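Remarks on the structure that follows.
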Amino acid sequence: MLVIGENINASNSKVAEAIANRDEEFLAHLAKAQASAGANVIDVNAGSGHGSLERAIADGKWLIQVVQAAVDKPLAIDSDSAEVIKAVLKEYTGERPLINSITAEPERLESIAPVVAEREASVVALAMGAEGIPPKVEDRLAACERIMEHLAGLDIEPKRVLFDPLVLPIAVDTSQGMVTLRTIEEIRSRYPDAGVVMGLSNISYGLPKRKLVNRAFLLMAAYAGLDAVIVDPLDTKAMSLIKVADMLTGKDPSCRAYLRAHRKGDIVD
Amino acid sequence: MSKDIIAALKENVIQGRKTKDDVGIDDSLADKPGVVELTQQALDDKVAPQEIITEGLTAGMEVVGEKFSNKEYFIPDMLASAEAVGAAMDILKPALESAKVETKGKFAIATVKGDIHDIGKNIVAILLKGAGYEVHDLGIDVPEDTVVDFVKNEKPQYLGLSALLTTTMTEMGVVIKALDESKVRGNVKVLIGGAAVSDEFAREIGADAYCADAFAAVKVLDSYQQAKS
């Protein structure tokens, strides 16, 4: 399972503060800690500049430089704004960035997909259009189809696409766990070369003992075909469970990765 | 007799039991009539709809609100109670209309332009409906013109604006400015809510109130109602 470290995100108030204060040390340390905890990709989201596009771009450019100087890992350029993604990409010197994200919304697709093609980037594709997260499996798959068609037109191969099936809180609608799991299965069977990625925390919104709920859902999603996860790599229990999930789904020959991690003392229950 | 029905109604709202088949917070009311059955029974027994609402439904929701604030109840608990109250309000509607009982007030709610999050907005709408307000849900990604037109034509006393993103919260200020320019800002109290906003932000854009959660919205509206009477 590909681990995308989520910690450098301005929605976390400490990170937002560090970005505002240009606290290079704090952010470089956070990047390194995630890398040594086993993150394969480090997600970088500098926030929205309090509504000012100029500031969002300046923050994003500064942050990407700090993180790429600190770690030798591919970075995920994460923003709600296509302008920010494009500006930040110019500062990124790594080979294969992951762009986070596109949707089936035509405007967003048309502005970001060409950059994905040009930089030979990978891209996170959310299974939704302009109208929000569809509550039904069919509508999420229809969004995936529109995205795939558009990307194919730009010669972007399916293996560079990581679909996010999207997760709505189970507290609000108890059918949503199965909606996400079925969407994963369908994406798997329709686009066998594409990847499927998911954030862990949405499912448990509004419930007590959220981490327990998140971890259980991770295992179910792994069975359905999940192969990448956006997670806090410093959460040792979650990281242990990712190793377990790989092992139980036949992705860890001779249980090597699990046992290596165990011998290092990294597996906690 | 009617006292017993009202007390049972309140208890069932607290338990979040819409019908007799629903599983409550615990087993204490198992197999007994739920909110829907009790509301019908109260009407049949000629209990005043107003009494059913204030002494039964609203009184129950107040307890739910307290338990939610204390973290004893969670979102699914609160939604079950609110849905039960919503079902009771549907049963009471004809009786309220024929008795010419007015709702507590007209409340319009929208998620602002560029933002498509609807969960928080829907929870607020359900809860305010349950609290006796006439709720108009304008949807998600709503441009300021739509909001202004609604305020002009439908004359709600209250307007709720929702935004989850730091990129879209600024739209709330745009809406308030547009209400100002159309000279209808004074006709409507504007409440804001959502993960990105705060008390401070509400003051900054000239909103009337910030509501941290759906129960806060009920409290704020009820305080406006009290100030009126």
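Below, chain A is the first sequence line, B the second, and so on; all start at residue 1. Quick caveat, the model's predicted, so the values are computed rather than measured.
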Which atom names give the shortest non-hydrogen contact between A:Met128 and B:Ile116, and what distance separates them?
->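 The answer is CE-CD1, 3.1 Å.
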Return the minimal non-hydrogen interatomic distance between B:Phe74 and A:Gly206, and the atom names on each side.
->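 What the structure gives for the nearest pair is CB-O, 3.4 Å.
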Rounded to the nearest 0.5 Å, what's the gap from CD1 on B:Ile75 to OH on A:Tyr205? Could you check?
->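 B:Ile75 atom CD1 to A:Tyr205 atom OH measures 4.0 Å (nearest 0.5 Å).
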First locate atom OG of A:Ser81, then atom CG of B:Leu165, and finally report the distance between them rounded to the nearest 0.5 Å.
->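 Taking OG in A:Ser81 and CG in B:Leu165, the distance rounds to 12.0 Å.
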Per-residue contacts, residues 166-178 of chain A versus chain B, heavy atoms under 4.5 Å = A:Leu168, A:Pro169, A:Ala171, A:Val172
Take a 6.0 Å sphere around [atom1] of [X] and say whether it holds more than 12 heavy atoms from other residues, nucleotides or ligands.
X        : atom1 : answer
A:Asn21  : CG    : yes
B:Lys106 : NZ    : yes
B:Tyr224 : OH    : yes
A:Arg119 : CZ    : yes
B:Asp31  : CG    : no

Tell me, which pairs form a salt bridge (charged side-chain N to carboxylate O under 4.0 Å, His left out) where one or both residues lie in residues 117-136 of chain B, sequence neighbours left out?
-> B:Asp90-B:Lys129, B:Lys121-B:Asp137
At a heavy-atom separation under 4.5 Å, does A:Ala56 approach chain B through its side chain, its backbone, both, or neither?
-> neither
